[in-house]
2 protein chains.
Amino acid sequence: MFRIGELAKQHGINADTLRFYEKHGLLAPSARSDNGYRVYSRDDAQRLAFILRAKAVGFSLGEITELLSIEVNKSQRVCSDVKDVVDDKLMKVSEKIAELERFRFSLQLLSDGCCGGSHSAEHCTILQALESCEPADFSQLAAETHADS
Amino acid sequence: MFRIGELAKQHGINADTLRFYEKHGLLAPSARSDNGYRVYSRDDAQRLAFILRAKAVGFSLGEITELLSIEVNKSQRVCSDVKDVVDDKLMKVSEKIAELERFRFSLQLLSDGCCGGSHSAEHCTILQALESCEPADFSQLAAETHADS
DNA sequence: GTTGACCTTGGAGTAGACTCTAAGGTTTAT
DNA sequence: ATAAACCTTAGAGTCTACTCCAAGGTCAAC
């Protein structure tokens, strides 16, 4: 049996975060003490641990809500229900990675094309690219490498 | 000379977005017509194109503000000023990718460990992992592969 | 009997990038 | 004359995941 501050400290989070999770239906204390303080059971603590592990692998609170709803009556649910959630997230994460890798590629081209020296930026290839390239196509820069100052 | 709707349409964005950019100091029309309508010049349109290209390579509006401030008086600025912004962003993007790749790895382990079949989720390895693994360490799952239903 | 550390509530603020609404003015076409 | 399609403003709402605040109640120690 833990009070909010204890439970928070144990898990390295803020008590406000626990109140926030309660407000959003992720984790409610199973009891209140006479003075109105929240009282968390060992089960509550395990549910919190579940939430934090799910967060650690990238799930959003909305997705965690979905996972929890499967978890609480898992005898009525099947493996594919769970795996679908994971695979769905896996796809979203992969898409985000792909987008960021496109960014990284373009940024690398921009960076590679620029001397980074201390002469005037008037002919800086980075600015020129942003001023006049075809949107999101900086492949020109790949060819024209620019001597250092 | 373009009105807000025209310029927005040309660039495939919302007129509200242009007003938003104006409010946040990224792009103000260089004139107003007698009736108070915003009037964008060709230069304004080019500045918008700059903004959109920068967005396309992943820069946030705050970072674009910085790039624009370099761009407008580039004769006083040097190549390294520009390259620093790009390299800084490159690092941030790479860090974000690394985080997402950790997520992807963990999610893949979870997915691989689960049969995804139609039997009860009571012994689902994914739920078990989220219930009881060491936080953010799902490497156990790598070993124990689970036969399909 | 008061200090300090806890707890309660409702509600506001943060960041980022829009997006929408309300209430109204202008222009163009029919 | 009027409808449709534009434009104006200020301000609110959206999403995510907290984080902080004010005003007050509770409890243990000294």
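In this text, all values refer to a predicted model and were calculated from it rather than measured experimentally. A, B, ... follow the sequence lines: proteins, then strands. Residue 1 opens every chain.
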Whole angstrom is fine here: how far is it from [atom1] in [X] over to [atom2] in [N]?
X: B:F20; N: D:dG13; atom1: CZ; atom2: P; result: 17 Å
X: A:K92; N: D:dT16; atom1: NZ; atom2: P; result: 10 Å
X: A:E22; N: C:dG10; atom1: CD; atom2: P; result: 10 Å
X: A:K23; N: D:dC20; atom1: NZ; atom2: P; result: 14 Å
X: A:L27; N: D:dA17; atom1: CG; atom2: C1'; result: 15 Å
X: B:I51; N: C:dG16; atom1: CD1; atom2: P; result: 17 Å
X: B:I4; N: C:dC20; atom1: CD1; atom2: P; result: 15 Å
X: B:L26; N: C:dC18; atom1: CG; atom2: C1'; result: 13 Å

Taking any heavy-atom pair under 4.0 Å as a contact, classify [X]: base, sugar-phosphate, or nothing.
X: B:D16; value: base
X: B:K55; value: sugar-phosphate
X: B:R19; value: base

Practice prompt. With DNA chain C as reference, determine whether A:R32 or B:L61 sits nearer its 5' end, using the nearest nucleotide of each.
Written response: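 Upstream on the strand: A:R32.
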Would [X] and [Y] pass as an ion pair if we require N to O under 4.0 Å?
X: B:E131; Y: A:K74; answer: yes
X: A:D44; Y: A:R47; answer: no
X: A:K92; Y: A:E63; answer: yes

Distance below 4.0 Å between [X] side-chain N/O and [N] OP1 or OP2:
X: B:Y21; N: C:dC18; value: yes
X: A:R38; N: C:dT8; value: yes
X: A:N14; N: D:dC18; value: no
X: A:N35; N: D:dG25; value: no

Item to complete: Please report the closest heavy-atom contact between A:A45 and A:L7, naming both atoms and the distance.
Response: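 Nearest heavy atoms, A:A45 then A:L7: CB-CD1, 3.8 Å.
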Worksheet item: Do B:D43 and B:S41 have side-chain atoms, one donor and one acceptor, less than 3.5 Å apart?
Response: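 There is no such pair (donor and acceptor under 3.5 Å, judged by atom type) between the side chains of B:D43 and B:S41.
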Item to complete: Taking only the side-chain heavy atoms of B:Y37 (C-beta and beyond), determine which of C:dC18, C:dT8, C:dG25 contains the nearest atom.
Response: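 So the nucleotide nearest the side chain must be C:dG25.
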Practice prompt. Just compare D:dC7, C:dT8, D:dA17 and give me whichever is closest to any side-chain atom of B:R3.
Written response: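 Given the options D:dC7, C:dT8, D:dA17, the side chain of B:R3 is closest to D:dC7.
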